[in-house]
Amino acid sequence: MKRNREQQGSRRDFLRSAFAVGVSSAVISVEQIRAASSKMRSTDNAKTFAFFRPEEAAFVSAAVDRFIPPDEEWPGAVDAGVVEYIDQQMAGKWGSAGYMYWHGPFKEGTPSQGYQLPLTPAELFRRAIAAINQHFTTQATPFHQLSTDKQDEYLETLLANKTTLNGVPSKVFADFLLQHTIEGFFADPIYGGNRNMVGWKMLGFPGPYADYYELIDQYGIKVDRDPVSIGSSPRHHAM
Amino acid sequence: MAEKLKPVDVVVVGVGFMGAIMAKELAAAGLTVVGLERGKKRWTVPEFQSPDIHDELKYSIRKGMMQDVTREAMTFRNNSSQEALPIRQWQAFLPGSDLGGSGVHWNGQTFRFTEADFVWHTRMQERYGKTFVDRNLIIQDWGITYDELEPYFDKFEYLLGTGGKAGNLNGKIQPGGNPFESWRSREYPNPPMKEQYGGVLFRKAASEMGYHPFVQPSSNMTRPYTNPEGLQLNACNYCGFCERYACEHFAKATPQTVILPVLLKNPNFELRTEAQVLRVNLDGHKKRATGVTYADATGREFEQPADLVIITTYALNNARMMLLSGIGKPYDPQTGEGVIGRNYAYQTTGDVYVFYDESVNINPFMAAGASGTLIDDFNDDNFDHGPHGFIGGSYIMSALTNGRPIEFHPTPPGTRDWGKEWKAAIRRHYNHTAHMLIHGSSMPTRTNYLDLDPTYKDAWGLPLLRVTFEFPDNDVKMTQFCVDRAVEVGKRMGAKTVAGYPRKPPFTTQKYQTTHNTGGVIMGSDPNTSALNRYLQSWQAHNVFVVGASAYPQNPGYNPTDTLGALAYWSVDAIKKQYLKKPGALVSA
């Protein structure tokens, strides 16, 4: 009995979270959610996330791969682990506004005053992505199944602040997502992104372990050693 | 009710660079000194060690070394008609915290202000006439001269182990140095830094144009050095993790490397960390401080009585501490009266990017915090401002302090900010772009000021500091002029594309510029227009000294730390030689 209840509970949680995405929508169906998440799974091996729900991960994966798309030589954001990076950030202290002054009153400010919404980064992501996914339930195709041109077009409208997402100015969310994409592509791999240091290899950044005393005045020299990350670096101490 | 502690001679509020200097000198003079630091202890070993210290996300993006904004933020607005709102995450400027303060994460850029800077108001009137300066600017003289301060500059630079080449030795111009600098009594303690490739390319172009390039004076060590306190430093290895980071190599002059170990050995000194000072207490007449009240990490309050209170909490926090304690009349922008919060200034910076073809490897990651090559031809009063209609100026410096990729991935103008084209562009330009910093002065106005916020509070229930600031027209003209000059140099550097970005209003809290906030508790010779006399002593309470860039009546185009260190030594010398013999006002009002 106990076991059954747990199973029921987890199913209820899943349904509740699935419907929460629709918020006020009556049109969204469980089938659509399942279709979205199975599509996501097919590209991502049934990955489980700490923060993202399957339908959120489907959108984020598609969007960040447009911000930094794969090309012939270098992987895109998804293969570099950017979705895992953002997931970990949202699940942790950053996502819960643990690095921000978080006292009210929260009021609308000028761009010079910076972020003033009463939403933690995690709440901002959840709320905005819910609105995006809801928007696409009224379309024939969900965002992650659109052509890349159509995806780019939609991201442009978000970045140009042409809409609001459950009350969130779309530019606030889109800039946030782009900034996190760049962080995930270039931060040290200990944070889950920049897998195999691809971001650094692509640019030619040799990583955080560095001693250039002998090289700095060999002007124009080409450095092509593999980078070293915090995780792969030997621990050395000055004393 | 605060627990009352045993009285001491001196309490120092904030144990950063200036707090450490003041405490060290006074403890060595035989006084009992307590240093109250709001943050934690931290040392080169183990806290600053590699590889963990080289974490761009933790330190550059999440601001791991900075004032804990979750507890103590500031509010901001561009003008008095707006409602100030909290800066919820540091971006434009980065006040430090914990033992050593901002002196741990600074870059080591070590410039002296000039003879003209200390008599700026007089100098502008003499050279350009009484009507030349924009009437909205409230520039002032400092009440001190360069000649008086020179020995203290020298003392601070030898403490730091600054590397450079003198440009003016006792009035005689020296080849290889900055010919515009004011006289210095002897050479720098160490030779100049190695130059970066971008600096070499800049030097050539600037020389061809008749300018006077030189290597930036740096407090990143250029060779092993033992300072006058007997502390040993190592040579910098140009790792590219200097500003916003702590140095793991004992190669950057910081409180930890140049003074704190000596201070802590003195039994007259006691360090208390995680001690958040809430206010300076005054006697019934408000003419004398009786000590300070602070809260420890568990929230217990203590009253620390002291005969002398030294406030060294960073420029902006110094102004707030004076306002919270009721020392000095708060400035009122309507009437122009009051002294605390006035003459708040910043730094007006611009950028120029020089985009080379792929045969030129700039290697931006091979860098120190202060390994630039610059010209001073368009800074300060080093050129005739008559035809230009503004005062002040900027140095133009080819410098890349790092190649850390979350923040450094330049693209030419017109490149989209994301997608396939952006990805190709950042890859194409990352290692083939030189950068110039246009680092300019900031003039005070009647309408830029600091006061206490009426709404927002810190974690101890005290009002946050409210910053009201916009770039004055004078400075907007100045920075455009200097960026134009830098673009001309860039075009001679042999690159395909040169892009200039002068700073334009509105000032935004959202883009990093510098942490060179100045003013708010300024020094001067008139108690109606300054909070401190020439010895950094409060006009109102003679046993309160306030050491910080808060003392600057306006901010010249040079980095502020060297002048601040000189002022600290000047002030503590006056305390030792004059004040202790006869406590009271060192200058009669």
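Throughout, protein chains are lettered first and strands after them, A, B, ... in sequence-line order, and every chain is numbered starting at 1. Values in this document were obtained by computation on a predicted structure and should not be read as measured data.
Ring geometry for A:Phe205 versus B:Tyr430: interplanar angle over 60°, hence perpendicular rather than tilted (30 to 60°).
At least one side-chain heavy atom of B:Arg427 sits under 4.5 Å from a side-chain heavy atom of A:Glu73. With contacts defined as side-chain heavy-atom distances shorter than 4.5 Å, the pair B:Arg62/A:Gln89 qualifies. Using a 4.5 Å heavy-atom cutoff, the side chains of A:Lys107 and B:Glu83 are in contact. Side-chain atoms of A:Tyr219 and B:Glu195, non-hydrogen and from C-beta on, do get closer than 4.5 Å to each other.
Proximity to chain B is limited to the side chain of A:Ile190, based on heavy atoms less than 4.5 angstrom apart. Within the 4.5 angstrom heavy-atom criterion, only side-chain atoms of A:Leu178, from C-beta onward, approach chain B. In this structure, the portions of A:Trp74 lying under 4.5 Å from any heavy atom of chain B include both its backbone and its side chain.
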Checklist entry - Where do A:Tyr191 and B:Lys58 land on the side chain to side chain contact (heavy atoms under 4.5 Å, CB included) test, with the steps shown first? => result CA-CA 10 Å; A:Tyr191 295 102; B:Lys58 181 174 180 180; 3.8 Å; yes
Item to check | Steps toward side chain to side chain contact (heavy atoms under 4.5 Å, CB included) verdict (B:Arg416, A:Glu156) | outcome: CA-CA 11 Å; B:Arg416 206 180 185 200; A:Glu156 283 287 13; 2.7 Å; yes
Item to check | Derivation and outcome, side chain to side chain contact (heavy atoms under 4.5 Å, CB included), residues A:Ile221 and B:Asn363 | outcome: CA-CA 8 Å; A:Ile221 189 177; B:Asn363 294 326; 3.4 Å; yes
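The main-chain N or O of A:Met100 is never found under 3.5 Å from a side-chain atom of B:Thr70 such that the two would form a donor-acceptor pair. Although no hydrogens or angles enter the test, the distance criterion places a donor-acceptor pair under 3.5 Å between the side chain of B:Thr509 and the main chain of A:Ser112.
Here the shortest heavy-atom pairing between A:Ile216 and B:Tyr238 reads CD1-CD2, 3.3 Å. Annotation for A:Leu203 and B:Pro405: closest pair CD1-CB, 3.6 Å, computed over non-hydrogen atoms. For A:Pro105 against B:Thr455, the heavy-atom pair with the smallest separation is CD-CG2, 3.6 Å. Pairing each heavy atom of B:Asn361 with each of A:Gly220, the nearest pair is ND2-O, 3.0 Å. In terms of heavy atoms, A:Pro111 sits closest to B:Thr508 at O-OG1, 4.0 Å.
In this view, B:Phe365 and A:Tyr212 satisfy the ring-ring contact (aromatic ring centres under 6.0 Å, His included) rule, not counting sequence neighbours. Evaluation of the salt bridge (charged side-chain N to carboxylate O under 4.0 Å, His left out) rule for B:Asp55 yields no partner, not counting sequence neighbours.
Residue pairs meeting the salt bridge (charged side-chain N to carboxylate O under 4.0 Å, His left out) criterion with at least one partner in residues 206-233 of chain A, sequence neighbours excluded, are A:Asp217-B:Lys194.
Using a 4.5 Å cut-off between non-hydrogen atoms, the part of residues 418-426 of chain B that approaches chain A consists of B:Trp418, B:Gly419, B:Lys420, B:Trp422, B:Lys423, B:Ile426.
Side chains of B:Arg88 and A:Gln116: a donor-acceptor N/O pair is present below 3.5 angstrom, by distance only.
Here CD1 of B:Ile61 is found 9.5 Å from CH2 of A:Trp94. Values are rounded to the nearest 0.5 Å.
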